[in-house]
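Notes follow once the structure below has been shown.
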Amino acid sequence: MIRIEKTKKRVFTRRGVVWLGQTCNQRCYFCYFISRIEDHSHPLHAFMSLDKAKEIMNRLRYFYGNRSVDIQGGEPTIFKEILPLVSHCREIGLSPTLITNGLVLARPGVAQEYHDAGIRDFLVSLHGYGEVHDEVVGVPGAFEKISKALENIREAEIPIRINSTMSKPVIPVLTKVAEKAIEVGALAVNYIAFNPFVDQHTGRRRNDTVARYSEIVPQLTESIDMLEEAGVEVNVRYLPLCLAEERHRKNFYNYQQLPFDLHEWDYQSWMWSMMTPQMMKEGGLNPLFRLGTGARTLYRADHLYLRDNAEAHPFKTGIKYAAQRTVARIQQAVNKEKVYREEAKDRAVIDCNYTRGPACAACHLRYICDGFHGDYAEFFGMDEARPVTDVPVTEDPRVFIREQEKHVLAEDCDWAL
Ligand code: SF4
């Protein structure tokens with residue numbers, strides 16, 4: 001029996017993430033991995049083996065202490081051994097979520113098979129409504145199938161959450177996404193900015209696919225109000241805090257807020273599981289490490305070199321990882337929040353080139369907001385930044401989000417209730 005609870009306790013998430021391989025039955029132009037999905041010879045394209053996926057899950061559970069996991073492909077429902085993998089996660093105490101486009105789940109009986117295998121919930125990718133959804137995911141008829149899938153999931157009594165990427169064509173139908181979420185009884189909706197991660201750099205972010213923040217805000221504000229009125233949790237990811245209406249600041253998650261979102265991923269295990277060896281079919285796994293001094297150096301190293309080096313010089317490489325782990329363990333014991341906050345800032349500034357405009361200097365939220373994405377600022381400038389001055393200057397990333405009620409499953413969030 002699924003027990004859903006509401007909580008305002010903002011503690012570190014213990015949710016991990018795994019990518020099985022970049023193989024997919026859709027072609028969403030805003031996909032983080034679209035180039036490797038289209039390139040069948042890319043080393044990250046093919047699905048890994050069930051045994052390798054299980055090994056990754058074991059490390060998330062037993063080394064990183066994760067309690068739940070988001071399983072992604074590409075599209076994980078076309079991974080042949082997905083049901084045994086779901087069951088394995090359930091058996092080791094790692095509640096499994098599938099992030100899915102829903103095409104396969106439109107078939108009768110499939111959702112029930114996941115129920116029986118022990119799925120926790122589905123995070124369904126609904127990128128628009130009607131023809132807009134079909135257009136942005138590159139599959140005619142996809143909306144009809146995802147609608148059928150949502151019905152099937154609901155009938156199988158499996159909780160639903162929804163992801164919606166706010167690329168430009170989707171903005172006019174954001175409220176329709178909200179209506180659909182309410183209709184199917186979704187627990188949560190995540191509205192995600194179309195930001196430049198990984199393959200999204202490759203010419204797919206253009207003025208005609210990236211909406212201006214000022215275009216997004218009216219539709220987004222109305223959608224949040226509709227969803228909250230209906231009791232659905234709403235999370236807005238990767239938009240500057242000054243775009244939020246005051247009543248919606250609690251819903252906005254920048255990098256510093258993300259580790260406290262129980263539906264988001266633990267920075268520490270995330271950093272390990274997104275290293276190349278953990279995302280590809282061939283080869284073994286990387287040594288484990290913790291966030292803290294040296295973690296980013298190891299992450300940024302050439303993974304294959306590291307792996308080969310570890311085989312050639314296991315002692316030296318072993319010492320290096322052992323030293324990093326010891327230092328990081330001490331740093332986290334002393335101040336985990338500081339370590340995670342440093343990581344949040346590195347992700348914004350180093351990984352995504354976030355930038356700030358003159359308005360930000362006067363903003364009271366400047367220490368907890370990421371600012372504007374660098375390439376967004378290049379497209380459109382920083383004119384939309386509005387310094388927030390109606391609250392005291394704060395250094396506390398949880399100042400607003402601690403007012404948000406989250407809908408969680410008691411089975412893997414008992415520690416957060
Ligand atoms: S720091 Fe800049 S981008 Fe962030 S809320 Fe303030 S004005 Fe907006």
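Both ligands and their constituent atoms are indexed starting at 1 by order of listing. Each residue takes its place number in the sequence, starting with 1. In this text, all values refer to a predicted model and were calculated from it rather than measured experimentally.
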A cation-pi test, strictly: NZ or CZ of [X] under 6.0 Å from the centre of the six-membered ring of [Y] and no more than 45 degrees from its axis. Yes or no?
X: R341; Y: Y267; value: no
X: R249; Y: F400; value: yes
X: R14; Y: W415; value: yes

At a cut-off of 2.8 Å, list the protein N/O/S atoms near atom 4 (Fe) of ligand 1, residue plus atom name.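 The answer is C369 SG.
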
Q.
Around atom CD of E144, are there more than 12 heavy atoms from other residues, nucleotides or ligands closer than 6.0 Å?
A.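 Atom CD in E144 is not packed in, count stays at 12 or less.
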
Item to complete: Using the side-chain hydrogen bond (donor to acceptor under 3.5 Å, both in side chains) rule, pick out the option among Q257, E228, E405 that qualifies with K250.
Response: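 With K250 as partner, side-chain hydrogen bond (donor to acceptor under 3.5 Å, both in side chains) holds for just one option, E228.
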
Atom NE2 of H263 and atom CZ of R237: how far apart are they, to the nearest 0.5 Å?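 Reported to 0.5 Å precision, the distance equals 9.0 Å.
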
